[in-house]
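Report on one structure; see the data block that follows.
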Number of protein chains: 2
Amino acid sequence: MPCREKEVNPVPETFPNTPEAARPTMIDVARRAGVGLGTVSRVVNGGHGVRDETAQRVRTAIDQLGFQRNEVARALRPGKKSSSLALVLGDLTNPFYATIAKASLEVAGQSGFAVVLGSVDEDPEGEKRAIRELVSRQVAGLMIVPDQGDHAFLQGAGVPVVFVDRPATGIDADIVMVDNEGGGRLAAEHLLGQGHERIAILLAPSYYTTGRRLRGFRRAHRSAGLDVDESLVVQLPEGNAESAEKATRELMLRPDPPTAIFASTNFLTEGVLRALGELRRDPAVVGFDDFRLADMLPTPVTVVASDIAELGRSAARLLLDRAAGADTRPPQRIVLPCALIPRGSGERPPKKKR
Amino acid sequence: MPCREKEVNPVPETFPNTPEAARPTMIDVARRAGVGLGTVSRVVNGGHGVRDETAQRVRTAIDQLGFQRNEVARALRPGKKSSSLALVLGDLTNPFYATIAKASLEVAGQSGFAVVLGSVDEDPEGEKRAIRELVSRQVAGLMIVPDQGDHAFLQGAGVPVVFVDRPATGIDADIVMVDNEGGGRLAAEHLLGQGHERIAILLAPSYYTTGRRLRGFRRAHRSAGLDVDESLVVQLPEGNAESAEKATRELMLRPDPPTAIFASTNFLTEGVLRALGELRRDPAVVGFDDFRLADMLPTPVTVVASDIAELGRSAARLLLDRAAGADTRPPQRIVLPCALIPRGSGERPPKKKR
DNA sequence: ATGAAAGCGCTAACAG
DNA sequence: CTGTTAGCGCTTTCAT
């Protein structure tokens, strides 16, 4: 007789609300179907190499018992990574990140993958901790919207990594992002083309992305034969709306205020508009990244936008391929285009007071 | 000699970009530190009952090897549920849900729990599938923003469940939600108090929440001694902005349009405002749930708001306690209060055309 | 085609 | 205190 005779569980039929409802295992199914453990496993995994009749019996047992494969045990097998991806990002409350999350979630879900979100606070050290935790959970791959700081520790993690929105230092991995420089150029060109010559640019602190946007901004000026007034390049201490609001106020109260403002981030755009509304000033404004209700504000907001959802989708697809070993190319660099959406705020002429 | 002599892995030293980097195990650590497996485990789990010196040696080995406990193997132990919670919700793109996600993520993270997001499409069947998948991943608990449909199948799942924002049918579990009826009443009272007598209410399709809001709406009317004009109770076919926009247009083009509109959802509010903007009509408007930029629209929007983040936090806290077995009370029902935030749109007088 | 058996990495019970 | 050992539920050879 089998030495593994579950005579434990005295009264397993009572679980009013108990957290301890014993879920049936493959062994239970095997016994019930009168077959071997291996056969059940084979059936569960596609049922190849199993006689139809046997498979049917197993399936019946599975239904009767309400059996469900334990993904954890399954993932224990080395090499056989779990069927979940990790997504590490900052603030889900930012529609930008939420969109990425949703999109990647959809793609992952279609392949039967779940997505684990590491809790990431603002601090750079927190991200590292979160990533480690996620790795220890044996996720099949990591999608990371990296914070600053070195990510070299991921090098030998043994898990494929795809960076989203911006690259990380210390490691050469796949990266999916938008054409920040092109977008910055687009915004500046649009404004310059309108005759603006004093254009301010608001930058979130040391983000890779805003740096590139600034570069595009400068490039556009150069192409137009103009110099960038460095006093109009505002490096914000924080990347939130409040910070931008304050800076905008200071900017507009100078003796020689800019005639146009380029806000390099959705939250910054909000701050700019808020300050402008209070000041009752209306320089031209172009924001980077579209946002909900942008078209319904007193003056609809002109923005440089890109397909954020596609960012998430591409990242998930790429990661899934890497995880499956289906993609062994060297690290890829996917860059999505930006487009300018004129809505009004960016088309105001440079006249001081219209 | 030990019979477990990893002579497998012919050439494990090459991983240029291989997904197969062998992570060290406790056994490796034990060997390295010259101690037994159990000792390593003890150290990793707090190190109680281990001589300081020994523990130190183990820790050194852990650092040298860069060892990290395999959470999957750890969770294999029955009863010892994994250290992750599941969060099942609809559309992360809706700031309402994103806020819940972020908040619960924070709380879970503080307790060392990760949060797994099941990919949930719109369909009701998809939710069931997602939940099953999550359960099979042995999560320690489920937070669910339930769709319609019966959730009885969760009854014997053996995992604690907390519903968020609305209860589910077929199962008696913890629920954390806002005072929808009170909020609806608040909105209606505010409008009625202004002298409005023809107030329209827009409802998303058969959501529990909007139903309660309608109830509060009716109750306020009753208290004021007024009847609700049923032709102004608009049951939308879909819960999106477009649907609300269309309905609002029809509403306002009637011979006897309402003098005020109560949009029972953030997205609906958006649709209402959009239609009103195009129509250039300005009945009073009150929305349910606050939203970003509500105060910056041409007419700042009056809303009934609640602490959504707290919704997520409470849910996570409750679930964590349940999962830990620290809370064995009967299913709880936590209801968060609502407050009306007057901003302008809700304070317009009932005069037909101002 | 199918059963038996060996682990995956870890925890926990049991010896020393 | 610390080493040994038996599994957790599943996938996977290896026989049969």
Side-chain angles (χ1 to χ4, degrees), chain A residues 1-9 20 22-31 33-58 62 65 67-83 135-138 158, chain B residues 1-9 20 22-31 33-58 62 65 67-83 135-138 158:
Chain A
M1 72 179 70
C3 62
R4 200 174 162 299
E5 205 29 277
K6 277 213 166 174
E7 68 277 84
V8 232
N9 280 352
E20 215 50 53
R23 274 196 280 276
T25 76
M26 275 196 181
I27 297 193
D28 299 325
V29 175
R31 261 212 278 283
V35 301
L37 171 58
T39 303
V40 176
S41 175
R42 272 174 286 237
V43 171
V44 170
N45 293 295
H48 292 303
V50 179
R51 210 192 328 159
D52 255 21
E53 191 220 84
T54 314
Q56 204 39 256
R57 223 172 38 209
V58 172
I62 288 180
L65 265 44
F67 166 81
Q68 246 193 291
R69 173 170 60 192
N70 182 330
E71 287 295 330
V72 171
R74 179 182 160 80
L76 189 53
R77 197 122 287 252
K80 206 79 175 176
K81 283 286 185 293
S82 80
S83 59
V135 170
S136 80
R137 284 183 167 77
Q138 311 298 105
Chain B
M1 69 178 72
C3 62
R4 198 174 162 300
E5 206 30 276
K6 280 213 167 177
E7 67 276 84
V8 233
N9 281 351
E20 215 49 52
R23 274 196 279 276
T25 78
M26 275 196 181
I27 297 191
D28 298 327
V29 175
R31 261 211 278 283
V35 300
L37 170 58
T39 303
V40 176
S41 174
R42 274 177 286 243
V43 171
V44 170
N45 293 295
H48 291 305
V50 179
R51 209 195 325 160
D52 255 22
E53 193 220 83
T54 314
Q56 203 40 255
R57 223 174 36 207
V58 171
I62 287 180
L65 264 43
F67 166 81
Q68 248 193 286
R69 174 171 59 192
N70 182 330
E71 287 295 330
V72 170
R74 179 180 160 81
L76 189 53
R77 199 127 285 258
K80 204 79 176 178
K81 283 286 184 297
S82 81
S83 60
V135 171
S136 79
R137 284 182 167 78
Q138 311 299 106

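What you see below is based on every heavy atom in this structure, not just the backbone, and it leaves out hydrogens, waters and symmetry mates. Chain letters run A, B, ... following the sequence lines, proteins first, then strands; residues in each count from 1.
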Whole angstroms only, please: what is the [atom1]-[atom2] distance between [X] and [N]?
X       : N       : atom1 : atom2 : answer
L76(B)  : dA12(C) : CG    : C1'   : 14 Å
I27(A)  : dC8(D)  : CD1   : P     : 7 Å
Q138(A) : dC10(D) : CD    : P     : 18 Å
N70(B)  : dG7(C)  : CG    : C1'   : 14 Å
R69(A)  : dT12(D) : CZ    : P     : 10 Å
R23(B)  : dG9(C)  : CZ    : C1'   : 12 Å
I62(A)  : dC10(D) : CD1   : P     : 10 Å
L65(B)  : dG9(C)  : CG    : P     : 13 Å

Look at the side-chain N and O atoms of [X] and state whether any lies under 4.0 Å from the OP1 or OP2 oxygen of [N].
X      : N       : value
T54(A) : dT2(C)  : yes
R51(A) : dT2(C)  : yes
R74(A) : dT11(D) : yes

Checklist entry - What's the verdict on side chain to side chain contact (heavy atoms under 4.5 Å, CB included) for N45(B) and R74(B), showing C-alpha distance, side-chain angles and the deciding distance? => result CA-CA 11 Å; N45(B) 293 295; R74(B) 179 180 160 81; 3.1 Å; yes
Item to check | Inter-end axis angle, the helix from dA1(C)-dT16(D) to dG16(C)-dC1(D), with every axis fitted to five base pairs (rounded, 10 degrees) | outcome: 40°
Next on the checklist: Distance check, rounded to the nearest 0.5 Å: T25(B) atom OG1 versus L37(B) atom CG?
Outcome noted: 8.0 Å
Item to check | Residue mapping more 5' on DNA chain D - nearest nucleotide basis, E71(A) or H48(B) | outcome: H48(B)
Next on the checklist: Quick check on contacts: within residues 33-45 of chain B, what sits under 4.0 Å from DNA chain C by heavy-atom distance?
Outcome noted: L37(B), G38(B), S41(B), N45(B)
Checklist entry - So, R137(A) and S83(B): side-chain donor and acceptor under 3.5 Å apart, yes or no? => result yes
Can you name the nearest heavy-atom pair linking [X] to [Y], along with the distance?
X      : Y       : result
V72(B) : Q138(A) : CG2-CG, 3.2 Å
P24(B) : L65(B)  : CG-O, 3.4 Å
V43(A) : A55(A)  : CG2-CA, 3.9 Å
A33(B) : V58(B)  : CB-CA, 4.0 Å
V35(A) : T54(A)  : CG1-CG2, 3.9 Å

Item to check | Among dC10(D), dT2(D), dC10(C), the nucleotide that comes nearest once only the side chain of R77(B) is considered | outcome: dC10(C)
Checklist entry - If you check the V50(B) side chain, which of dT2(D), dT11(D), dG9(C) turns out closest? => result dT2(D)
Item to check | Side-chain donor or acceptor of S82(A) paired with backbone N/O of A75(A) under 3.5 Å | outcome: no
